[in-house]
Amino acid sequence: MSASLSRPRVGVWLIGARGSVATTVVTGCAAVTAGLHPPTGMVTETTAFTDSGLPALSDLVFGGHDTLDCPLPKRAETLTAGGVLPPGVATAVSAELAIADREIRPGGPTPGDTRSEAELITAFADDLRDFVQRHALERAVVVNVASTEPASQGPGAPLPASTLYALAALRAGCPYINFTPSEGMHHPVAAREAGHSGLPYAGRDGKTGQTLLRAVLGPMFAQRALRVRAWSGTNLLGGGDGAALADPAAAAAKNAGKERVLADTLGTVPEGEVHIDDVPALGDWKTAWDHIAFDGFLGTRMILQTTWQGCDSALAAPLVLDLARLTARAHEAGLSGPLGALGFYFKDPVGEGPAGLSEQYEELVRFGHRLGRAGGEGGRGARSVRGTGERVTGESETGERKTGERETGEVL
């Protein structure tokens, strides 16, 4: 992205940088910046966030890690052919796509990779530092948009790739956002390091479709005192995520967040399961169907069914841009710890906060106002962010007093 050299620029480092979501993020940011399309779906571009001090879209610089070698311009052509990107947009921003593609570094571990976990973390962190230094960036935010990993195998198992990237982000001094159900910062090793880092982080698993509806409908049933007896669902999807979620372990990680939304909004988990089916012919499009059985007055039995059809990449991309801007601003303001106020965007949010979408939105707007009132770091100690976004000057999440310099955790 071209930007005035007089303004500080912010890096957005995408894990899975050549995937559908990342390609749509880069393409969309360039298209909106050029005035080719309005910022539809971007909450941070609404009037509620005008005075939040967020970095401009034109000041975002993209890079990332990936194990794939398909260049972003080519990937954008494929997404255009699949109807994900509108005709002509990828061609119009081909220069921006090429610039971002040159900033993508090899990810890992790949089959046959002999590097140790510590070596991989060091290599990833070095890539991040180099990116920040070469572009004279004020800061960089790492966002995981890679395919879903199988659930962790427990103590003693190798660290998942998402956690290696999370640890690299911490080592490089970069805030981290996990937009996937993968373990990432949730792994005990990374969670421990995050607590010492003085950095803000957010996640996990972006709330884009079926669970977005659940976060709205769950509170409706609870507030109207209607008893939900069963809630079942089916997802049909293709693309890389469909293939990844064909693995039962990966699907289980995905469904855990969907179940949590019901537990948090209804106060209980009703009968029923969510099934995920890989349908390659659907490409980047998905269909989600829910069947909700509930009781009304005098035990009258009723049914609500919903069908959601959408493009996952187009739903996710504006949220990724929102999260990168909000987290970068939180970092600038000296905030640390889990950004619970960003729960609006996630199925399984870190920190504490409300579960219903309306309440989550209100908390997000309050957070935006607080960011607008906050200054920059200015040499002050990192301030922690409690679950609802409350800031406590000079204290860590555990209540320890911070000095004017951030602690740096030793990784591995």
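Values below: every heavy atom of this structure, side chains too, minus hydrogens, waters and symmetry copies.
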Give a yes or no on whether the backbone of Pro354 and the side-chain of Gln360 come within a donor-acceptor separation of less than 3.5 Å. yes
Within the distance-only criterion (no hydrogens, no angle test), does the side chain of Ser232 pair as donor or acceptor with the backbone N or O of Gly272 below 3.5 angstrom? no
> Do Ser20 and Asp284 meet the criterion of a side-chain donor-acceptor pair at a distance under 3.5 Å?
Replying inline: yes
- [ ] Could you tell me whether the side chain of Asp59 and the main chain of Val10 form a donor-acceptor pair under 3.5 Å?
- [x] no
Closest non-hydrogen atoms of Ala90 and Leu97, given as atom of the first, atom of the second and distance, are O-CD1, 3.9 Å
Of all heavy-atom pairs linking Cys29 and Leu60, the shortest is SG-CD1, 4.2 Å
CZ (Arg75) and CG (Asp101) are apart, to the nearest 0.5 Å, by 12.5 Å
I'd like to know if the side chain of Lys286 reaches the main chain of Gln309, judged simply by a donor and an acceptor atom lying under 3.5 Å from each other, with no hydrogens or angles considered.
no
What one should report as the nearest heavy-atom pair of Ala190 and Thr163 is CB-CG2, 3.9 Å
Verdict with supporting geometry, Val320 and Val21, side-chain contact (heavy atoms from CB on, under 4.5 Å)
CA-CA 9 Å; Val320 171; Val21 172; 4.3 Å; yes
*Stepwise, does the side-chain contact (heavy atoms from CB on, under 4.5 Å) test hold for Thr180 with Glu149?*
CA-CA 9 Å; Thr180 80; Glu149 297 171 336; over 6 Å; no
Between Leu36 and Ala92, the two heavy atoms sitting closest are CD1-CB, 3.7 Å
**Prompt:** Hey, does the side chain of Thr23 reach the backbone of Gly19 with a donor-acceptor pair shorter than 3.5 angstrom?
**Reply:** yes
| task | Consider only side-chain N and O atoms of Ser197 and Arg171, and report whether a donor and an acceptor are under 3.5 Å apart. | result | no
In short, Leu170 meets Ala194 closest at the heavy-atom pair CD1-N, 3.6 Å
Exercise. Just wondering, do Val145 and Val25 contact through their side chains at under 4.5 Å, heavy atoms?
Worked result: no
- Query: Are any non-hydrogen side-chain atoms of Val365 and Phe344 less than 4.5 angstrom apart?
  - Reply: no
Residues passing the side chain to side chain donor-acceptor pair (under 3.5 Å) test with Asp322, sequence neighbours excluded, are Thr44, Tyr345
Rounded to the nearest 0.5 Å, the CZ atom of Arg260 sits from the CG atom of Asp205 at a distance of 11.0 Å
When rounded to the nearest 0.5 Å, the distance separating OG1 of Thr114 from CG of Leu120 is 9.0 Å
Worksheet entry | Under 3.5 Å donor-acceptor, His187 side chain and Val189 backbone | yes
One should read off an interatomic distance between Leu364 CG and Leu342 CG, to the nearest 0.5 angstrom, of 6.5 Å
Taken to the nearest 0.5 Å, the spacing of Ile15 CD1 from Trp13 CH2 works out to 7.5 Å
pair Thr306-Leu217: side-chain heavy atoms closer than 4.5 Å = yes
Original post:
Are side-chain heavy atoms of Leu226 and Met220 found at a separation under 4.5 Å?
Top reply: no
Regarding Arg18 and Asp69, does a basic nitrogen lie under 4.0 Å from an acidic carboxylate oxygen?
no
Is the shortest side-chain heavy-atom distance between Thr80 and Val89 below 4.5 Å? no
When every non-hydrogen atom of Ala169 is compared with those of Val142, the smallest separation belongs to CB-CG2, 3.7 Å
side-chain contact (heavy atoms from CB on, under 4.5 Å) with Ile177: of Val12, Val141, Leu339, only one passes, and it is Val141
Next item on the list: Flag the pair Leu321 / Pro39 as yes when at least one side-chain heavy-atom distance between them is below 4.5 Å, and no otherwise.
Entry: no
Main-chain N/O of Ser182 paired with Asn178 side-chain donor or acceptor, under 3.5 Å
yes
So, do Tyr176 and Tyr201 have ring centers that fall under 6.0 Å from each other?
no
The reported gap from CZ in Arg139 to CZ in Arg329 (rounded to nearest 0.5 angstrom) is 9.0 Å
Margin query: Using the rule given for side-chain contact (heavy atoms from CB on, under 4.5 Å), can you reason through Leu72 versus Ile104, listing the C-alpha separation, both sets of side-chain angles and the distance that settles it, and then say yes or no?
Written below: CA-CA 10 Å; Leu72 282 180; Ile104 298 175; 4.0 Å; yes
*Do Trp231 side-chain atoms and Phe294 backbone N/O form a donor-acceptor pair below 3.5 Å?*
no
(Q) Would the distance check show the side chain of Thr211 and the main-chain N or O of Lys207 forming a donor-acceptor pair, the cut-off being under 3.5 Å? (A) no
Check: Side chains of Gln305 and Trp289: do they bring a donor and an acceptor to under 3.5 Å?
Finding: yes
*Can you establish whether the number of heavy atoms outside Glu119 located under 6.0 Å from its atom CD is more than 12?*
yes
### Query
Short question: side chain of Thr33, backbone of Ala30 - any donor-acceptor pair under 3.5 Å?
no
Do the side chains of Phe49 and Leu371 get nearer than 4.5 Å, heavy atoms only?
no
Can you list the steps and then say if Tyr165 with Asn144 is a side-chain contact (heavy atoms from CB on, under 4.5 Å)?
CA-CA 8 Å; Tyr165 289 121; Asn144 181 19; 5.8 Å; no
Discussion item. Any non-hydrogen side-chain atom of Leu57 less than 4.5 Å from a side-chain atom of Met42?
Written reply: yes
